[in-house]
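The figures that follow rest on heavy atoms only: side chains count, while hydrogens, waters and symmetry mates do not.
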Amino acid sequence: MKPKYLCWILGLALLLGIAGCDDDDSSPNTTTPPVEEEEPATPVTPSPALVRLLHAVVDAPVLFPRIDELVVGGAAYGQASSSFQFDDNDTRTVEILYEGTESEPVVLMDGISLPIGDDREVYVLVYGRFDDPQVAIIDNPSFSLPTDDDGNVLDENAVDVQFVGGFFQYDEVDVYLTEAATDIATVGPTVTLSQGEVTPQVEYSADSGWRIRVTPVGEQTVLFDSESYTMLRARNTVYMLTDYFGTGDDNLVLNRIGLGVSSVIGVIAAPADLRVAHFIRNAPAVDLYFGNTNDTPEFDGIPYGTVTDYESFASQGVSVNVTPDDDNLTFLHEQQLVIGAGQRRTLLLSGDANGVTEGIVLADGDRPLANAIQLQVAHAAPVVGDIDVYVLEPGESVEGSDPAIPDLEYPLSGIAPVLAGSRSVVFTQRGNKTVVHGPVALDVVVGFPTVILTQDGDGALSTRVLVDRTLE
């Protein structure tokens, strides 16, 4: 055999032997090529969702949201609560609580289902009346500045705005969000807003010189005027319109809520409000002056047995002088009176023009609460002496009851908590069950009821019932 063929055969055998070794998995010479391991995926951290309560229940006290047995800081009327923060994309159930008479938590609403998503700002809006509250969920994406397709910010002053109808006294109103100098007679309303309505978000450019005005639908009579104000940039802003119960002529108040902060937009004029109740016997009509009786009287010609409307005044301490009508030189009553900004007061005049007169200052409430109705009783009948006051439910009697206001002296007033419904008020001698007047029928509604025990022109005991700021 030629040498070159022998070399070829030996080379072939060597190659076949190597191939056989590669197929033998048990061979100790086997080497496994390295396998590239995949890097573990970076876990996605959910962006938190913030949840708050918006309080627009017109006759409810401070409300508190509870989720998973956790309660945060509550919301006063027209404001937002403190926030919950969740990051688990789960559905929660919300309860709405208020504080009971024994400081215990009482459930106003429960079973409110709340889906939680990533990077959201969620409000639970509760509105309407205490005995029939309604709920709406406001679910907004967390704010981000608008950008173009390349990620460039289009407006660094952008703000997303929406309105919420938290009012009760109107079915709907027109809202104008304009430049401060705009005449609303030349433009249409930005939105017609109904009770409980939540408008979609609209983007604005935050700056100074904005103005919000509210009118009845289709009219130009201004119910609210923010005057010129500055929008706050780079946020979601909720403007919640609620009823105003303070002094003066304002009807509505606008609450700006964003980034967890509640603030009032515009300046609310809060003068001192005063009215006069004239029950001085033997004085058919009287004038009431602040100071000098040579000036024009603040209240002119008040007939006996009547209660005037409220008048607004600057905060002040004054010397009150009461004279017969059109006789500024005969003084029937004098007293010092302090009336402060935001206070609402009644000056109850009693006694006898031919003897001693008195002035009882009654503090009148602002916003009525359905779970805390306060009956005020004023003792303006000097002939009867000190008394006990009973507030009775149907079927109850003085004999089986305790006085709601014991030991009421003349000329003072007292307050007793009452529940809504039919009641009767009975006056007895102090310390015993001898009835001196009553029963006086009283239909208690959500508001501020006042019963004045006085005397008629002939000296007989009588009562005058006032019911202020009801929601009926």
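A cation-pi arrangement, defined by a distance under 6.0 Å to the six-membered ring centre and an angle within 45 degrees of its axis, is absent between Arg464 and Phe279.
More than 12 heavy-atom neighbours from other residues, nucleotides or ligands sit within 6.0 angstrom of CG on Asn152.
The side chain to side chain contact (heavy atoms under 4.5 Å, CB included) test with Arg211 singles out one residue from Ile265, Leu177, Thr182, Asp225, and that residue is Asp225. Between Val164 and the options Thr242, Ile138, Leu241, a side chain to side chain contact (heavy atoms under 4.5 Å, CB included) holds for only Ile138.
Every residue was checked against the ring pair (Phe, Tyr, Trp, His ring centres under 6.0 Å) condition with Phe448, not counting sequence neighbours, and none meets it. Residues passing the ring pair (Phe, Tyr, Trp, His ring centres under 6.0 Å) test with Tyr289: none are found, sequence neighbours excluded. Applying the ring pair (Phe, Tyr, Trp, His ring centres under 6.0 Å) criterion to Tyr310, with sequence neighbours excluded, gives no partner residue.
Note: Tyr390 and Phe427 fail the aromatic proximity criterion, with ring centroids not under 6.0 Å apart.
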Show me the donor-acceptor pairs within less than 3.5 Å that the side chains of residues 98-115 make with the rest of the protein, sequence neighbours left out.
unit_1	atom_1	unit_2	atom_2	d
Glu104	OE1	Glu102	N	2.8

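Residue pairs meeting the ring pair (Phe, Tyr, Trp, His ring centres under 6.0 Å) criterion with at least one partner in residues 196-225, sequence neighbours excluded, are Tyr204-Trp210. Applying the side-chain hydrogen bond (donor to acceptor under 3.5 Å, both in side chains) test to pairs two or more places apart or on separate chains, those with a residue in residues 394-414 are Ser350-Tyr410.
Under 4.0 Å is where a charged nitrogen must lie from a carboxylate oxygen, and between Arg430 and Asp388 no such pair does.
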